[in-house]
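Okay, structure first, notes after.
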Amino acid sequence: MVVGKKVTKESILLSVCEDDEDEGGKKEDLGGIASRPVSRPRSLYSRGSVDGQRVSRSPSQHQKTRMARQDEDHMNEEDEVDEGGGIHPDERRAYDPTGQSSYREACKMLNVIPVSYFLRNMNQSELNMMHYGLGSQGTKALAISLVTNTSILKLNLRDNWMEGIGGAAIADMLKENCYITEIDLSENRMGEYGARALSSMLLENSTLFSLNLSGNHLDERAARHLSPALISNQKLQHLDLSHNRFGEIAGDILGAAIAENTGMKSLNLAWNCIRGKGAIAFAKGLEGNIFLRTLDLSYNGLGKEGAVALEEALKHNNTLEDLNISNNRIPLEGAIHFTLGLKVNTTLRILKMSRNPMQSAGCFAILKSVQANPESAVEFLDFSDICVNQEFEDLFESTKETLPNLQVKHGGKMNAVLKKS
């Protein structure tokens, strides 16, 4: 009697983990984790031949009983090695909502050590795995198990050196997982390769609303991949792209995407190199956006040109509530142009302009524009590290009579600072 070949989870994982080859022999760059076909097991009963013709042999009842006992003994032998990482027979047969069994087997196939913390907390709704040094292979194993995980809603994978390959594995996982709503992938050096994969994911994923890609060496090429995703995706509400390498060209690309975006509420582009024409283009994109509530552009290079462009954006934008343009080389002349937008804006509540070379006169002009706007919603002005004079203090006292809830933070009085120094 011939028994058909038994398909194990190892063979399934091999088909998942290894890159498929096409007819030309070239490997795919981004292989889907959960979408790859799994080979079906052969029939339990083999076919023989009688007089040169193939026929199906039906075993007798006695043979069926003996075969069933043999199969049961064989499964018991495999399941007895539970201490070495084997899977309990009940787990082997039942659906695993946490993906623990697939994670153990993926670690074996990829030759990585399973993370005990992950195994203990796979059923939690929030999982924090910062600084675990997963690497690209460890991230692959994690992604395989997360495909079927239904517990984790918030996932933090910050600083795990996953690089582009690991980022692609997480992107493939997020195409299948419909439970994760917030994910932190910051400081993983994913570069253009990871950005391309994540952009493809954003075109399909409809549950993720918060994504952190801070510190991933993203540049103009990554911005070109992200642009169509930002235009098409309507579910993502919070995106962090700070501490990357977006420059003048990226500002132009992302500005056009922001103008068309219809779902994002907060965007962080702090600590990049957006300046010149890129700053102007981005400000024009902000002018056309009607959904963004919070924008952080601190530590870029907007300068005078960017401040002038933001003047027009504030005149037309009626949704932005929190704007941070600290440390952007905005001089006094740029600050004066910016005040023209504040005089007519009715939604901005928080404005941060600290560490700009606009001096006390620039702070005075901004506070004066807030006072002159009867419909102003400004509640907080941040002028940290900028010394102000007595004229500014007198204006602030008079402004508080009409806006008692207004708060102002600055670098101290000029005379007091001089005496202290």
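Keep in mind that this is a model prediction, so the values were computed, not measured.
Cys107 approaches Ala141 most closely through the heavy-atom pair SG-CB, 3.9 Å. Looking at every heavy atom in both residues, Ser145 comes nearest to Leu142 through OG-O, 2.8 Å. Taking all atoms of both residues into account, the shortest heavy-atom contact from Gly99 to Ser102 is O-OG, 2.9 Å. Closest non-hydrogen pair, Asn205 versus Asn177, comes out as ND2-O, 4.0 Å.
Using bins of under 30°, 30° to 60° and over 60° for the plane-to-plane angle, the ring pair His238/Phe209 lands in the perpendicular bin.
For residues 271-290, no pair satisfies salt bridge (Lys or Arg N to Asp or Glu O under 4.0 Å), with sequence neighbours left out.
Between Arg158 and Asp184, no side-chain nitrogen of the basic residue sits less than 4.0 Å from a carboxylate oxygen of the acidic one, so the salt-bridge criterion is not met.
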Show me the donor-acceptor pairs within less than 3.5 Å that the side chains of residues 223-233 make with the rest of the protein, sequence neighbours left out.
| residue | atom | partner | partner atom | Å |
| --- | --- | --- | --- | --- |
| His225 | NE2 | Glu192 | OE2 | 3.1 |
| Ser232 | OG | Pro228 | O | 3.2 |
| Asn233 | OD1 | Lys235 | N | 2.8 |
| Asn233 | OD1 | Leu236 | N | 2.7 |
| Asn233 | ND2 | Leu202 | O | 2.8 |

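The side chain to side chain contact (heavy atoms under 4.5 Å, CB included) with Met173 is formed by just one residue from the set Asn149, Ile180, Thr139, Ile144; it is Ile180. Partner of Asn268 under the side chain to side chain contact (heavy atoms under 4.5 Å, CB included) criterion, out of Asp240, Leu241, Leu213: Asp240 alone. With Ile386 as the partner, the side chain to side chain contact (heavy atoms under 4.5 Å, CB included) test is satisfied by one option alone out of Lys409, His410, Gln359, Met358: Met358.
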(message) Run the side-chain contact (heavy atoms from CB on, under 4.5 Å) test on Leu351 and Leu342 for me, step by step, so that the C-alpha distance in whole Å, both residues' side-chain angles and the decisive distance to 0.1 Å come before the verdict.
(response) CA-CA 10 Å; Leu351 175 61; Leu342 282 177; 3.9 Å; yes
(request) Apply side-chain contact (heavy atoms from CB on, under 4.5 Å) to Gln407 and Glu379, showing your working. (result) CA-CA 6 Å; Gln407 297 181 8; Glu379 300 173 355; over 6 Å; no
(request) Could you walk me through whether Phe118 and Leu127 pass the side-chain contact (heavy atoms from CB on, under 4.5 Å) test, one step at a time? (result) CA-CA 8 Å; Phe118 179 57; Leu127 184 65; 3.5 Å; yes
(message) For a salt bridge (charged side-chain N to carboxylate O under 4.0 Å, His left out) check, start with the C-alpha distance between Glu312 and Lys315, then their side-chain angles and the critical distance, and finish with the verdict.
(response) CA-CA 5 Å; Glu312 294 298 321; Lys315 286 181 179 179; 3.7 Å; yes
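A donor-acceptor pair is defined here as one N or O able to donate and one able to accept, closer than 3.5 Å; such a pair exists between the side chain of Asn389 and the backbone of Glu391. The backbone N or O of Phe246 lies less than 3.5 Å from a partner atom in the side chain of Asn272, making a donor-acceptor pair. Remark: the backbone N or O of Ser298 is paired with a side-chain donor or acceptor of Asp296 at under 3.5 angstrom. The backbone N or O of Leu320 sits less than 3.5 Å from a side-chain atom of Thr347, completing a donor-acceptor pair. Put simply, the side chain of Asn356 gets close to the backbone of Ile330: a donor and an acceptor are under 3.5 Å apart. Asn188 places a side-chain N or O within donor-acceptor distance of the main-chain N or O of Asn160, the cut-off being under 3.5 Å.
Side chains of Ser326 and Ser354: a donor-acceptor N/O pair is present below 3.5 angstrom, by distance only. Side-chain atoms of Ser210 and Lys154 include no donor-acceptor pair closer than 3.5 Å.
With a 4.5 Å cut-off on side-chain heavy atoms, Leu185 and Met162 count as touching.
Less than 6.0 angstrom separates the ring centroid of Tyr117 from the ring centroid of Tyr132.
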